[in-house]
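Within every chain, numbering begins at 1; the chains are lettered A, B, ... in the order of the sequence lines, protein sequences first and strands thereafter. All figures in this text were calculated on a predicted structure; none of them were measured in a lab.
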Amino acid sequence: MANSSATAHTGNHYLNHSKGLMSWLTTLDHKRIGVMYLFSVLTFFLMGGVFALLIRMELFKWGGHNLLEANTYNKLFTYHGAIMVFLVVIPSIPAALGNFILPLMLGAKDVAFPRLNLASYYIFMTGACFAVLALFMRGADTGWTFYTPYSIRTNTTVILVLFGAFIAGFSSILTGLNFIVTIHKLRAPGLTWDRLPLFCWALYATSIIQVLATPVLAITLALLCMERIFQIGIFDPKLGGDPVLFQHFFWFYSHPAVYIMILPAMGVISEVIPVFSRKPIFGYKAIAYSSFGIALIAFIVWGHHMFVSGQSEFANFIFSLLTMFVAVPTGVKTFSWLATMYRGSLHFNAPMLYALGFLELFTIGGLTGIFLATLAIDVHLTDTYFVVAHFHYVMVGGTLMGLMAGLHYWFPKMVGKMYPEKPALIAFWLIMIGFNITFFPQFILGAQGMPRRYWSYLPEFTLLNRISTVGSWLIGIGFFYTAHYLAKAMRKGEKAVANPWNALTLEWQTSSPPPHENFIETPVVTSWPYEYLPENTTMPVNA
Amino acid sequence: MFNQAFAGTTPLQGSDIAVQWDSLYNFLVWLSIFFFVLVVGGMIYFVFAYRHHPGKKTQYITGSHFLEAIWIAVPTLLLLGIFTWGYSVYHSMTQAPSDAYEIRAIGKQWLWTFQYDNGRTTVGEAYVPLNRPVKLIMTSEDVLHSFFIPNFRIKQDVVPGMYSSVWFTATVPGKHQVFCAEYCGTSHSGMLAKIIALNDEQWEAWNNHKKLGAIPEAGSDFSSSSSDLSASRVVAQVSLAEQGRAVYETKGCLACHSVDGTQKVGPTHKGLFGSSVEMADGKVLIADENYIRTHIENPQKNTVKGFNPVMPTFKGLINETEMNALIAYIKSLK
Ligand SMILES: [Cu+2]
Ligand SMILES: [Cu+2]
């Protein structure tokens, strides 16, 4: 995919292009906006993560005692969930990495609407502020799902959180719109659709879901706010409303949202695996189309969250059947990644390690998803720790592993320095082992019948809960260590070359970090981005 | 052996459904192990077999339609099979036999109350006969709850303003744990109850308001526990339907309805329960618990064909216990 100027010039790049805080806060540069998103998301990740550690601390039941009161615990899991979903996992890859990488990958100077892009960031932060503000008031204790009528009755400041999520949703819609137009209009000469990198395909599919599904969330949350303030009688049975209707509305967005979270991660994996296997991606078209397959099915399976809600048996039949088909395109991707490694020449740098970690965790997450799609099995497992374990394997094992892979992969491009390989390896193992110790026991807890969102539990669940808590410490140490070595690398890291991985996508054809305008000369694309020939097995950087 | 491999990860098998559930669950666990080994095992093998070394060459492969066809077709067929199996077990979970013994359950932050046809009310414990289908007709006084009995592998959300139901046949005597599985506020995790499955003798005694001896947990050793059926009688209670008659009369239903078949301003309630009723707009509804409840709380929603929509709403005037009694009474008017 070469034939672009390797912008060998040094000195001027987007980070030192202009100076001072204001130059960041008012920037229209997608790269800087991406970096701002990244720092914001990582800050929220720290918050959500600390809440998670506190939750696990409580569940350790030190000497059979409680560290926290029930109400505090209920607020903690609500905050952990709401922050992680709305402020971390949803924006992490698209808004942070996507903003930075997408225009570069397309050979463009910026996104289609740079001003809108900056506005999206501020809208996102406004929403986040509302949600965080509630923390300092009476908090919220509804769980991130805001099920009615509890969310109407609770005297916590749930309305601020709803309002925050409502506002943040607009940022998601606008970013999606921006990306769709960017992909359509700003591709470099020669970058035809069938040469589009899979990360771009994934972002494209994600953006479509963001644009189509998020408005439904906005409507739902707005209705819930109105119900709380004006008692309009739509969800509250006391006023003749239907509480189950809320669940339909909520999952109509939140199921597709699951794919807003996972598709971009799959996109990252589709980039990383060929580069570090030094081989063309296996089944390019199948991977690209399966993203759209998943996005399409995403809209018609929301009812699988409601198998025991009182929904009709016929609806359950349909939703269970449709849900099964999600596994097919997901399987296609997984097998294609595996086949890409076959007869490759594998390099185990941190991005690849996280991609392999993704494969392990996501396989478990996907297979346990089949349990939950199976009607009878779900009746027993739903609302238990089995579900908690399942979606952590998918969301953390999937999205967060994808984020970590992408973060390490593009780190040299973003800051112009290399991250250190050895600490990355140690952190990877801490996180991987810690993750499995934390969440695997939760499958068993759930199968044994321990419900989720339980502040206290029966004595027979103690051992597995304690094992799980110990695992959470390892994850915590792993992430803090990662923050430490990345922060250090930013200041003192070895200087990165333009293309440390010898990769073929366009972002690597410009200097690291890229100049303000991305490319000195507009690149021209002459082949697809996975043209790794048999001899091309080395990289400037080795693990 | 294959069927027992994961027994430790699931609760006691306390009902017929639990046995069916466990077979499917075991199958899925084995299937998952197979695919996990295939994918992750394959991955680990590749990691060792294709590790980079200087001078190594790769093979230029971009895809294979044959392989793609296989990994689309095989999972699709498997998934359809799993779906069918899952649906058939689920179907038996939902079809309560018509002769099931009915108990009314009310969820309320944060306890469970049970009402029986014989007029008794228990809190936190539901007494049921062993080896006989039991159906719980449930509603909530406040927010969502969910009735979850792990030993029976069943669960059903309990929704304010309507009835949902769940049924089971307990095959193991003793106490079975019940959890609330839908988050409902502060003491959600303390909203526990027990299903107490009684053998014939105990059931007989319980129905005659006799005291029962200590009942052990299901699955524990029963030989030691003497079920002491002492003769001390608890105050005799009027049946649930009788309680309902009192509600029916005091709330003034008789002004417009009869219980003996005569027509008044409103239709008679004799023989109503379980019949199909035609509405003014032509649709036909089955007169079950939800139909009667809705009609009492929201009479304007549907109007019975041939009558004027003059029935006042009783929403907020009849509480959940009274409503259960009232419906039991209407149901008894055969
Ligand atoms: Cu879903
Ligand atoms: Cu509850």
With chain A, which of Ala49(B), Pro75(B), Ser64(B), Gly42(B) has the greatest number of heavy-atom pairs at distances under 4.5 Å? Ser64(B)
Give me the atom names and distance for the closest heavy-atom approach of Pro329(A) to Ile297(A). CG-CD1, 4.4 Å
Step-by-step side-chain contact (heavy atoms from CB on, under 4.5 Å) determination, Leu59(A) to Tyr454(A): CA-CA 9 Å; Leu59(A) 294 177; Tyr454(A) 260 36; over 6 Å; no
Minimal heavy-atom distance between Gly449(A) and Phe148(B), with the atoms involved, is O-CE2, 3.3 Å
Can you see whether Asn74(A) engages Arg453(A) through a side-chain donor-acceptor pair at a distance of less than 3.5 angstrom? no
Which bit of Leu458(A) comes within less than 4.5 Å of chain B, counting heavy atoms only: side chain, backbone, both or neither? side chain
Less than 4.5 Å to any heavy atom of chain B: does that hold for the side chain of Tyr532(A), its backbone, both, or neither? backbone
Can you say whether Tyr73(A) sits under 4.5 Å from chain B via the side chain, the backbone, both, or neither, judging by heavy atoms? neither
Interchain contact, Ser456(A) with chain B, by part (heavy-atom threshold 4.5 Å): both
Closest-packed option against chain B by number of heavy-atom pairs under 4.5 Å, given Ser151(A), Gly283(A), Ala70(A): Gly283(A)
When Phe371(A), Tyr393(A), Tyr385(A) are each screened for ring-ring contact (aromatic ring centres under 6.0 Å, His included) with Phe443(A), the one that passes is Tyr393(A)
With a 4.5 angstrom heavy-atom cut-off, is it the side chain or the backbone of Thr537(A) that approaches chain B, or both, or neither? both
Quick one: does any side-chain atom of Lys56(B) pair with a main-chain N or O of Ser345(A) as donor and acceptor, under 3.5 Å? no
Identify the heavy atoms of Ser277(A) and Met341(A) that sit nearest to each other, and give their distance. OG-CG, 3.8 Å
Heavy-atom distances under 4.5 Å only: say whether Pro243(A) touches chain B with side chain, backbone, both or neither. side chain
Heavy-atom distances under 4.5 Å only: say whether Leu38(B) touches chain A with side chain, backbone, both or neither. both
What part of Thr142(A) gets within 4.5 angstrom of chain B, counting heavy atoms only: side chain, backbone, both, or neither? backbone
Is it true that Arg293(B) and Glu297(B) have a side-chain N and a carboxylate O under 4.0 angstrom from each other? yes
Is the number of heavy atoms from other residues, nucleotides or ligands within 6.0 Å of CD (Glu69(A)) greater than 12? no
Among Val158(B), Thr10(B), Leu24(B), Leu67(B), who wins on heavy-atom pairs under 4.5 Å with chain A? Leu24(B)
Does the Thr382(A) side chain pair with the main chain of Asp378(A), one donor and one acceptor, at a distance under 3.5 Å? no
I'd like to know if the side chain of Thr374(A) reaches the main chain of Ile377(A), judged simply by a donor and an acceptor atom lying under 3.5 Å from each other, with no hydrogens or angles considered. no
Nearest atoms (heavy-atom pairs only) where Val379(A) meets Lys155(B): O-NZ, 2.9 Å
Whether the side chain of Asn26(B) engages the backbone of Asp22(B) through a donor-acceptor N/O pair (distance < 3.5 Å, no angle test) should be reported. yes
Asp141(A) side-chain N/O to Thr156(A) backbone N/O, donor-acceptor pair under 3.5 Å: no
Contact origin within Asp236(A) toward chain B - heavy atom pairs under 4.5 Å: neither
Where on Val29(B) is there a heavy atom nearer than 4.5 Å to chain A: the side chain, the backbone, both, or neither? both
Counting only heavy atoms from other residues, nucleotides and ligands, does the tally under 6.0 Å from OH of Tyr289(A) exceed 12? no
Against chain B, work out which of Gly143(A), Ser309(A), Gly310(A) has the most heavy-atom pairs shorter than 4.5 Å and name it. Ser309(A)
Which of Leu80(B), Thr76(B), Thr58(B) touches chain A most, by non-hydrogen pairs under 4.5 Å: Thr58(B)
Check whether Thr340(A) gets within reach of chain B through its side chain, its backbone, both or neither, counting any heavy atom under 4.5 Å. neither
When only pairs under 4.5 Å are counted, which of Met162(B), His65(B), Gln109(B), Arg51(B) shares the most heavy-atom pairs with chain A? Arg51(B)
Given that the side chain runs from C-beta out, which part of Thr148(A) has a heavy atom under 4.5 Å from chain B: side chain, backbone, both or neither? backbone
If I measure from the heavy atoms of chain B, does Phe362(A) come under 4.5 Å with its side chain, its backbone, both, or neither? neither
Largest heavy-atom contact set with chain A, pairs under 4.5 Å, which of Trp85(B), Phe46(B), Trp21(B), Phe152(B): Trp21(B)
Surrounding NZ of Lys194(B) (heavy atoms of other residues, nucleotides or ligands, distance under 6.0 Å), is the total greater than 12? yes
Specify which of Val332(A), Ile370(A), Leu445(A) makes the most heavy-atom pairs with chain B at under 4.5 Å. Val332(A)
Counting heavy-atom pairs closer than 4.5 Å to chain B, which one of Asn316(A), Thr154(A), Leu464(A), Leu359(A) comes out on top? Asn316(A)
With a 4.5 angstrom heavy-atom cut-off, which part of Arg153(A) approaches chain B: side chain, backbone, both or neither? side chain
Taking every heavy-atom pair that is under 4.5 Å apart, which of Gln177(B), Lys57(B), His53(B) has the most such pairs with chain A? Lys57(B)
Under 4.5 Å to a heavy atom of chain B? For Tyr147(A) that would be side chain
So for Gln156(B), is it side chain, backbone, both, or neither that comes closer than 4.5 Å to the heavy atoms of chain A? both
Tell me, side chain or backbone of Ile444(A) under 4.5 Å from chain B's heavy atoms, or both, or neither? both
Greatest number of non-hydrogen atom pairs under 4.5 angstrom with chain B, of Asn71(A), Val244(A), Thr323(A), falls to Asn71(A)
Looking only at Phe317(A), Trp337(A), Trp455(A), Tyr530(A), the option with the highest number of non-hydrogen pairs under 4.5 Å against chain B is Phe317(A)
